[in-house]
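Down below is the structure, laid out as C-alpha cells.
Below, chain A is the first sequence line, B the second, and so on; all start at residue 1.
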Protein chains: 2
Amino acid sequence: MNTPMITVPQTQRPVRERILEAAEAVFAESGYEGATVTDIAARAGLPKSNLHYYFGTKEALYEAVLFNTLSMWDDAFQVLRAERDPAEALAECIRLKMDLSRKRPNANKVMTGEMLQGAPRLNTFLNTTLRDQVAQSMAVLNHWIELGKMDAVSPMHVLLSIWAMTQQYADYNPPIKALLEKEELEERDYDAATDAIVQLVLRGCGVPQATA
Amino acid sequence: MNTPMITVPQTQRPVRERILEAAEAVFAESGYEGATVTDIAARAGLPKSNLHYYFGTKEALYEAVLFNTLSMWDDAFQVLRAERDPAEALAECIRLKMDLSRKRPNANKVMTGEMLQGAPRLNTFLNTTLRDQVAQSMAVLNHWIELGKMDAVSPMHVLLSIWAMTQQYADYNPPIKALLEKEELEERDYDAATDAIVQLVLRGCGVPQATA
DNA sequence: TCCATACTTGATCAATTGGTCAGGTTCCCG
DNA sequence: CGGGAACCTGACCAATTGATCAAGTATGGA
C-alpha cells in the first residue's frame, strides 16, 4: 500500500544504473584496461555474469559510461549565448563546469583517462559534434569582441582555459588537497576556486565585472 | 601506430634508458595497471626478463618513471623569484611548463594517470616537497602583490591555473587536435597557446605587460 | 689464462583475466 | 493455471598476466 519512498535502498535501484555507477567509479580509478569486470561487479554487489547480461562486453560497458558522460560537458558551454552579458554568461559557464568536477568527479576522470589513451573511441565525436559546439561558443565570443564587450582575445584559447582550470579540480584532486592541507575538499573550496577562475578569466579578457 | 625509426642505433643506447623511455610511453597510454611488462619490453626491443633484471618488479619500474619525472614540474615554477619582474617571470614560467607538455607529453601523462588513481605513490611527496615548493612560489606572488606590481589575486589559484592550462596540452591532445583540425600540433600551435595563456594570466592578475 | 661479476634470455608457473553457457528463477499476460 | 520472455547466476574456459629460474654469454681485472 504505502511504499516508504524515503531513501531507496541500493538493492532496489535499477540494476543498469547500479552497474553504470560502479563502472564509472572503477574505470575512473583504474582506467579502461586496469579496471576488471570482477571489480565492477563487486562494487555493484552483483555477480559478474549479470554485467555481461546487460552490457555484453567490458568494452560496451565502458563506452556506455563514456557516452553517458559526453553530454554533460556540453551543457556548461551552452550557456554562452550572444545576447547575454559576457560577464554573467562566462561566470555561469565556469560555475557549471566546476559543479561537474565536484559532483561527478568519476565521470570526468573517465573522460580524462580516455584522452590520455588518445581518445580512440571518441574520434568521430571530437571531429563532429564537439567541433561544432565549440565553433558555436567561439562565434559567441567573437560577437562580444566585435561589440567591444571583450578584448580581442583568442576565443578558442579562452574556452580551452576554462575547460582546463575546471577539469583540474576533478583530475588533480590529490595535489590540491595536499596544498589546502585537507582530507577532502569542501564546497567552499570549490566556490573559492570558481571565484578565482571567474576573476582571472573576466579580467584576462577585459570583461567589465558586474558590480557587486 | 608509429613505426620506430629503423636506422637509429637504438641498440647502442644504455639499456636502462631504453627501458625507462619505453615504460614512460606505455604507462602514459595504458596507465599503471593497463600497461604490461611484455608491451614495454617489446617497445624497448628487449626480452621481458631483461626488464625484471634491471628493475625487479613492474611497480618498481613504474615508480622509477614517476620519480624520474617529478623534478621536471618543479623547475618551471622555480623561475618565480621575488626580485624579478612579474610579467617576465610569469611568462617564462608558463613557457617552461608548456615546453614540458610539448617535449615530454608521456611523462606528463603518466603523472596525470597517477593523479586519477588518487596518487597513492606520491602522498608523501605531495605533502612535503610539493607543498614547500608551492608555498615558496606563493610567497613570491604575495610579495609582488604587496609591492603593488600585481592585483590582490589568490596566489595558489593562479599557480594552479597555470598548471592546469599548460598540462592540458599534454593530457588533452586529442580534442585540441580536433579543434585545430590537425593531425599533429606544431610548434607554432604551442607558441600561440603559450601567448594566449600568458596574456590571460598577466591581464587577469593586473600585471602590466612589457611593451612589445 | 682464469674466474668472478655483470648481464642476457628462453622456458615455465601460478594467478587472474574477460567471456561463455547451461540451468535456474521471477514475472507477466492470456 | 500455463508458458514464454526477461532476468539471474555458479561453474567453467582459453588466454594473458607478472614473475622466477636455470642456463647461458660477455667482460675485465689479476
- Query: Counting only side-chain N and O atoms of B:Tyr54, is one of them less than 4.0 Å from OP1 or OP2 of C:dT8?
  - Reply: yes
- Donor-acceptor pair under 3.5 Å: do we get one between B:Thr57's side chain and the base of D:dG18? no
- Rounded interatomic separation in angstrom, taking NE2 from B:His52 and P from C:dA6: 20 Å
- Message: What is the distance, to the nearest angstrom, from the CD atom on B:Glu33 to the P atom on C:dT17?
- Response: 10 Å
- Query: Does a nitrogen or oxygen in the side chain of B:Tyr53 sit under 4.0 Å from OP1 or OP2 of C:dT8?
  - Reply: no
- Partner of B:Glu24 under salt bridge (Lys or Arg N to Asp or Glu O under 4.0 Å), picked from B:Lys109, B:Arg43, B:Arg104, is B:Arg104
- Item | Whole-Å gap separating P (C:dC7) and CZ (B:Arg18) | 14 Å
- Message: What I want to check is whether an N or O donor and acceptor connect the side chain of A:Lys58 with the base of C:dG19 at under 3.5 Å.
- Response: no
- Task: Rounded to the nearest angstrom, tell me the gap between atom CD in B:Glu59 and atom P in D:dA19.
- Result: 9 Å
- What is the distance from CG of B:Asn50 to P of C:dT8, rounded to the nearest Å? 5 Å
- Let me know the distance between CG of A:Leu46 and P of D:dT9, rounded to the nearest Å. 7 Å
- Query: How many Å lie between NZ on B:Lys48 and P on C:dT12, as a whole number?
  - Reply: 14 Å
- Task: Looking only at non-hydrogen atoms, find the nearest pair between A:His52 and A:Thr57 and report the distance.
- Result: CD2-CA, 4.3 Å
- Measure from OH on A:Tyr32 to P on C:dT17 and round the result to the nearest Å. 14 Å
